[in-house]
Amino acid sequence: MRFLSKTEGSRLMALLSIQGDIYVYFWLLYCKIYSAIIWLFGNHCRGTDKVRSVITAGSGVQSSGGIHRVRTRRRRPQQHRSKHIVALARRPSLRRIVMAPGASAAHAMMEDKDKTLHGALAAVSMHTRRISQFAPLLIVLVGLPARGKSQLAHRLARHLNWNGESTKVFDCSHYRRRHMALYGSHDIFRADNQQGSAIRRQSAREAVQDAVLCLKDGHSVAIFDGTNITREQRQELNEYCLNEMGFRILFIECVCEDQELLERNIIEILHYSADYKDMSEEEAVDDLRKKLEHYMRQYEPIDAGVEDISFVRVENMGETVTAHKVAGQKESGILGYLSGMRALPQTLYFTRHGESEYNVLGRIGGDASLSARGQIYAHALAEHMNPLVGRESFSVWTSELRRTKQTAADIRAPKRAVRALNELDAGICEGLTYEEMQERFPQEFAWRDQDKLRYRYPWGESYIDIMTRLRPVLSALEDEHNVIVVGHQAVLRCMLGYFLDAKLDELPYMHVPLHTIVKLTSYGYKYKVEMIKMPIECVDTHRMQPKNCSITRTTADALVTVPSHYDTLPSNLWQNSAEAQL
Ligand SMILES: *[C@@H]1O[C@H](CO)[C@@H](O)[C@H](O)[C@H]1NC(C)=O
Ligand SMILES: *[C@@H]1O[C@H](CO)[C@@H](O)[C@H](O)[C@H]1NC(C)=O
C-alpha cells in the first residue's frame, strides 16, 4: 500500500466531501418527493368534500349547466326548518324546479370534474357568453312585497360598493311616490286602482331607464328593485340588456315561506316605509293586506323550464339559494355573498381600546399598554357590558395588540383576537408623534393630508388596505348578533363607515372618540347608532384635515390641527419639567 501524498490526500478528501454532499442532496430530494406525494394524496382524499362544498357555495356558478341549491346554516330552531321543508315540498312550482332535470344533471357534473368543464361550457346561455365579463351588470329583483327585496338590494349594494364595484339601487317605489306627490292622493297607489296600476308601470319604466343610464355612465352594477315584474317583462328586459345594450343581466327572486320572517318584514314595512308615514295603523295594515293579496294573485314565479334567463332564487332571506345559468365573475361574487347572507336582527357594539400610553404622548401605532385612565375605562366598559352579557350570549373580538386585549379583559364573554382588526400599520412612522413626522418626513405628511384614504405609509398601509383586509371580518359580522368589537381608530372608522354607508372619502375623518361605546342596532337594511360616552377623561386623537396640504407648507401650517397631547401642553410638567421652568 502506498501512502498518499499530501496533495493527493486533500484532493481525495475534497472528492469524498463532495460525494457526501451529493448523497445528502439526493436523500433530501427523495424526502421532498416522498412528502410531496404524501401531501398530494392526503389532500386529494380530504379535498373532495371541500371542493364540492365550494362549488356549491360560490364559484359553482361556473358550472352553470343547471340548477343547484345551497342550503346554508342558520341559527334557527330545528322545528322551523322542518316546517319550511314541508311548505317547500307542498309548493308545486318550486318542487318542479328543485326536481328539474337540470338539478340532477348539475349533481352528476360535480361528480366528474372533466364533464363539469365541458358540460358547463356547452350549457351556458349563448347570449350571456357573448357579453364581456367586464360589461356592466343589471340586477333585477323579482318577488312579492315584504319578501325582503329592498333589504337584499341595499345590503348587496353596500357589499359591492365596498368591493370596488360602483353600485346604485333604483327603487321603483321612489318613482311611484314622486308621481303620487303630483296627484296628492293616497288612493292612487291602492292595489285596486286602475290609474294606480298605470302609474306603477310608468314608474317601473323610468326606474329601468335610469338604471340603464347609470350603467352607461360608468357604474358597474345597477340594482333594479321593482315589485311587479311579470314573465313577459322579464323576457323583454333580458333581451333588451343582452341584445341592445350589451349589458349582463341577472334576476334575483326573493321567496319567503317562513311566517315568522314574513311577519317581521311586514312590521318593518309598516314602521319604516314612506308610504305609511301619514296613515293610522289600521289603515296601513288594511292597505298592505289588500296590496299583498292583489300582487299574490298576479305573481308569476320564475320558471326555469320556460324562461331562458340567468337567475338566483333566494329563499327565506338566504336560507336556501338556488342558481340557474349563472356565469361570470361579478355574478359568482354576488352568489357567494347571497349564500352567506343572513338578515336576522342584530345588535353590535364597537369601542376603541382605552386610552393608551402612546395616546397620552400623541404617538401613533406601536403596541403600548393602557394608561391609568385607559384601565379605568376598561373597568367601566366591563361594568356596562357584563349585566347584558349575563342575560344573552355575547362574544368579544379584539385585535392582536395589547391595548385592546387589556381593554376587554374584564368582560365576562369568550374573546377572540383577530389579526385583521389590528390598527393601520404606519410603516416607517410607527411610534412617531405628528410633530416628529413633520420634522422627519414633511413630504409624506403632506401627501397623507392630501389624500388620507389612499395614502399608504412607506412599508405600511393605507385606509384602502384596511378596507380590503376587513372584508372577511365585515362579512362575518353581518351574520353575528351581540358582538363587542374592541378595536382601533382607523379600523373602527372603516367598520362603522361600512355599516352606516359613509362616503369613502369621509372615512378617514369619521369621529370615533376614545372611551365611547358605539352601539349599532339593525332595522331593515339600516343601522341605528347610539354613542354611549363613558365619563372618563382622555386625550383627543382626532386630527382634522388642515387647510394647507401642499408639500411646501410651513411646519406651523402642517401642525395646526394636531390635537394637544401631554408633552406639548404648557401645564404639563412631568416630562419636560426642565424646559417648562425655563
Ligand atoms: C302587474 O303587471 C301586470 C302586467 O303588466 C298588470 O296587468 C297588473 O295590473 C300589475 N299588477 C299590479 C299590482 O300593478
Ligand atoms: C400653503 O403654504 C405655502 C407655503 O407657506 C403657500 O405658498 C401656499 O400658498 C399655501 N397654500 C394654501 C392653499 O394656503
Side-chain angles (χ1 to χ4, degrees), residues 161-162 164 166 168 217-219 352 355-356 358-366 368 423-468 470 488-498 500-514 516 531 538-573 575-582:
N161 272 321
W162 195 261
S166 56
K168 250 177 128 171
D217 265 3
H219 279 74
R352 286 176 67 188
E355 182 189 74
S356 76
Y358 264 26
N359 290 148
V360 177
L361 300 174
R363 295 187 181 278
I364 60 169
E423 180 57 318
L424 184 140
D425 182 353
I428 57 169
C429 295
E430 278 282 308
L432 299 187
T433 61
Y434 287 126
E435 291 83 353
E436 286 165 348
M437 267 171 74
Q438 167 63 17
E439 191 187 319
R440 292 190 212 170
F441 312 107
Q443 199 169 42
E444 297 287 339
F445 199 44
W447 277 334
R448 181 166 156 85
D449 282 340
Q450 285 169 15
D451 189 350
K452 198 171 171 188
L453 180 70
R454 290 169 195 84
Y455 172 82
R456 177 183 283 153
Y457 281 108
W459 301 100
E461 287 178 302
S462 66
Y463 270 82
I464 297 279
D465 292 329
I466 321 185
M467 285 169 60
T468 313
L470 278 177
H488 304 267
Q489 181 162 251
V491 169
L492 288 186
R493 277 174 176 156
C494 291
M495 297 181 97
L496 292 172
Y498 177 79
L500 301 178
D501 291 321
K503 289 208 185 72
L504 290 192
D505 283 302
E506 288 166 5
L507 279 187
Y509 294 103
M510 266 178 68
H511 205 65
V512 188
L514 283 168
T516 305
M531 302 281 250
C538 55
V539 291
D540 183 10
T541 57
H542 186 85
R543 176 174 174 267
M544 284 186 307
Q545 185 176 29
K547 282 218 178 59
N548 196 334
C549 299
S550 107
I551 52 173
T552 57
R553 65 187 174 179
T554 60
T555 299
D557 274 345
L559 297 179
V560 69
T561 57
V562 173
S564 54
H565 43 86
Y566 271 82
D567 53 354
T568 57
L569 283 180
S571 61
N572 174 50
L573 301 178
Q575 207 181 34
N576 300 331
S577 51
E579 282 170 35
Q581 278 161 10
L582 287 177

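Just so you know, ligand 1 is whichever comes first in the structure, and atom 1 is the first atom listed for that ligand.
Defined by atom type and a distance below 3.5 Å, a donor-acceptor pair is present between the side-chain atoms of Ser462 and Asp465.
Considering only non-hydrogen protein atoms, atom 5 (O) of ligand 2 sits nearest to Thr554 CG2, 3.8 Å. Annotation: atom 1 (C) of ligand 2 to nearest protein heavy atom, Asn548 ND2, 1.5 Å. Of the protein's non-hydrogen atoms, the one nearest atom 4 (C) of ligand 2 is Thr552 O, 3.4 Å.
Lys452 forms no cation-pi arrangement with Tyr463, by the criterion of a distance under 6.0 Å to the ring centre and an angle within 45° of the ring axis.
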*Checking side chain to side chain contact (heavy atoms under 4.5 Å, CB included) for the pair Arg363/His565: CA distance, chi angles, key distance, verdict?*
CA-CA 9 Å; Arg363 295 187 181 278; His565 43 86; over 6 Å; no

Please test Asp557 against Lys547 for side chain to side chain contact (heavy atoms under 4.5 Å, CB included), starting from the C-alpha separation and ending with a verdict.
CA-CA 8 Å; Asp557 274 345; Lys547 282 218 178 59; over 6 Å; no

